[in-house]
Protein chains: 2
Amino acid sequence: MKGYNKQKKLLAAIDCIIFGFDGQHLKILLIRRGFEPAKNKWSLMGGFVDSGESLDTAANRILKQLTGLEGIYLEQMYAFGEPKRDPIERTISICYFALIDIHRYERQLTHEYQAEWFNINEAPALIFDHKAMVSMAREKLRYRAGLHPVIFELLPEKFTITQLQTLYEEIYMTALDKRNFLRKIMASGLLIKQSDKDKTGSRKGAFYYGLDKKKYNHTLLNFTGMLPPARRII
Amino acid sequence: MKGYNKQKKLLAAIDCIIFGFDGQHLKILLIRRGFEPAKNKWSLMGGFVDSGESLDTAANRILKQLTGLEGIYLEQMYAFGEPKRDPIERTISICYFALIDIHRYERQLTHEYQAEWFNINEAPALIFDHKAMVSMAREKLRYRAGLHPVIFELLPEKFTITQLQTLYEEIYMTALDKRNFLRKIMASGLLIKQSDKDKTGSRKGAFYYGLDKKKYNHTLLNFTGMLPPARRII
DNA sequence: TCAAAAGTGTTCGAATTACACCCATGG
DNA sequence: CCATGGGTGTAATTCGAACACTTTTGA
């Protein structure tokens, strides 16, 4: 038996939404598409799945090729398959979302790869159905962040409580009370207070915190969520 | 421009995990595969995506063809794409999961379509990577059911509190206290007490409840979950 | 009359909320 | 010395967990 003769083949693509956080705003990484159609238009990171590679492998390869990023948090999100979504040829796109510490790669990304960060609310028009992908990714991020502490993937090794809180506020588009936030986040047992301070944000300086990596890995499956129940988006 | 010349095409398939609940156990619907390879082996409902149809359309079509089911709860779950997952030809499978009221279709399914229900814990060996699909679907169901009242899709129009509780217990593989369960489920405001009783389960009979459909639709986005935090699987 | 499932409240501790002032520092 | 963001506590309420007995009725 050589194959399923009567079935139509099609192209499979990967698209990645890459989230970052600059301390103020949630951002996404975009590039100008390198080939026709829609060449030079803003686009998510994308490419085709090769024969012989799995979807996860393809996603990692494409991410590496377009941005140099490796070993980052990457999760499959959804498959988009409207017949006309790509005007040239029938292509289904398996969409991934990634979370990275923006500062760790900033120069590399913008200089070597000419990728550009945009505030999530100020992104330019995107090709094809990429806008829908971005909104779905945003929603999925809220979902995930409410249940698992994935949010730390967006922060540097050391961060302040205020940065963490701002990040939650960005993702959920809501204001949080800092005392309650601190109590709750400390109760998770995930944070380890450092002895040094971030002096860039204020005169007084704010203590850095690090992540308890062991607990973090164990906690991925048992996290109650940071939002007060009444505001849970999920 | 005619196409992306250098890219490899592949087949896209749909596979559906169909969940049902018989009042006692969570079940999945399987059929014997109708074509080679692995003909007559137990399999999820599956088929290929045609040109010109979207993934959702394909999923609905395949479900209709193989089971006669229409208009049921169907949600995309995950794309499986290991290169060798189908031994005959490179095929990625976009996997859906469905929730149905088992009694509504029981005869139709088992007689006309020779599909068979299996308790989720007693299912036979499945072809390809279908076993992994089923475990992921189970997990996803826990996830969903903890946050949205999708669980009612598995029950008939009228059901008793005990049935509902048993269903939650099945999905989360845990025992729940009936008084606490009742209080919590009633607090959701989703249930409407009927005036008639189900007499099949006991001498005394248990009141039926129906779903407040308007509230149900609005509540899909604001549901706190039925599990005590300590036991939340998610 | 009894077996079997239905139905029903209370108490306790933990978690969540709302809320406002002092601290440390660099300029 | 003062403007700025950092850091802290308490009281009221709600929510979740644990727990056991009475009711109904068909056989």
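Reminder, nothing fancy here: chain letters follow the sequence lines and each chain counts from 1. What you see is a predicted model, and the numbers here were worked out from it, not measured in a lab. Just the heavy atoms: all of them, side chains too, but no hydrogens, waters or symmetry mates, feed the values below.
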Rounded to whole Å, CG of L176(A) lies from P of dA18(C) at a distance of 11 Å
When the distance from CG of N180(B) to C1' of dG7(C) is rounded to whole Å, what number comes out?
-> 14 Å
Which whole-number value in Å describes the distance from D177(B) CG to dG9(C) P?
-> 14 Å
Any donor-acceptor N/O pair, Q165(B) side chain to L176(B) backbone, under 3.5 Å | yes
H130(B) vs F128(B) aromatic rings, parallel, tilted or perpendicular, using cut-offs 30° and 60°?
-> perpendicular
Side-chain donor/acceptor pairs under 3.5 Å, residues 189-196 of chain A, sequence neighbours excluded:
from	atom 1	to	atom 2	distance (Å)
Q194(A)	OE1	G210(A)	N	3.4
D196(A)	OD2	K158(A)	NZ	2.4

What orientation do F97(B) and Y73(B) show, parallel under 30°, tilted 30 to 60°, or perpendicular over 60°?
-> tilted
Would you classify K178(A) as touching base, sugar-phosphate or nothing, given that sugar-phosphate means primed atoms plus P, OP1 and OP2, and contacts are heavy atoms under 4.0 Å?
-> base
Mind calculating the distance between CD (Q165(B)) and C1' (dG7(C)) to the nearest angstrom?
-> 12 Å
Would you say the ring centroid of F207(B) lies under 6.0 angstrom from that of Y209(B)?
-> no
Could you state the atom-to-atom distance from NZ of K197(B) to C1' of dT25(D) in whole Å?
-> 9 Å
So what does T160(A) hit on the nucleic acid, given a heavy-atom distance under 4.0 Å: a base, only sugar-phosphate, or nothing?
-> nothing
Atom CZ of F181(A) and atom P of dT17(C) are separated, to the nearest Å, by 13 Å
Can you tell which of dT8(C), dT25(C), dC19(D) lies closest to the side chain of K193(B)?
-> dT8(C)
Report yes or no: is there a donor-acceptor pair, N or O only, under 3.5 Å between the side chain of R179(B) and the base of dT11(C)?
-> no
Any residue meeting ring-ring contact (aromatic ring centres under 6.0 Å, His included) with F159(A), in chain and number order, not counting sequence neighbours = F152(A)
Measure from NZ on K184(A) to C1' on dA14(C) and round the result to the nearest Å.
-> 13 Å
Test: R138(A) and E170(A) ion pair at under 4.0 Å = no
What nucleotide, of dA18(C), dA18(D), dG6(D), holds the atom closest to the side chain of R183(A)?
-> dA18(C)
Quick one: K199(B) NZ to dT24(D) P, roughly how many Å, whole number?
-> 12 Å
Where along residues 200-212 of chain B does a heavy atom fall under 4.0 Å from DNA chain D?
-> R203(B), K204(B)
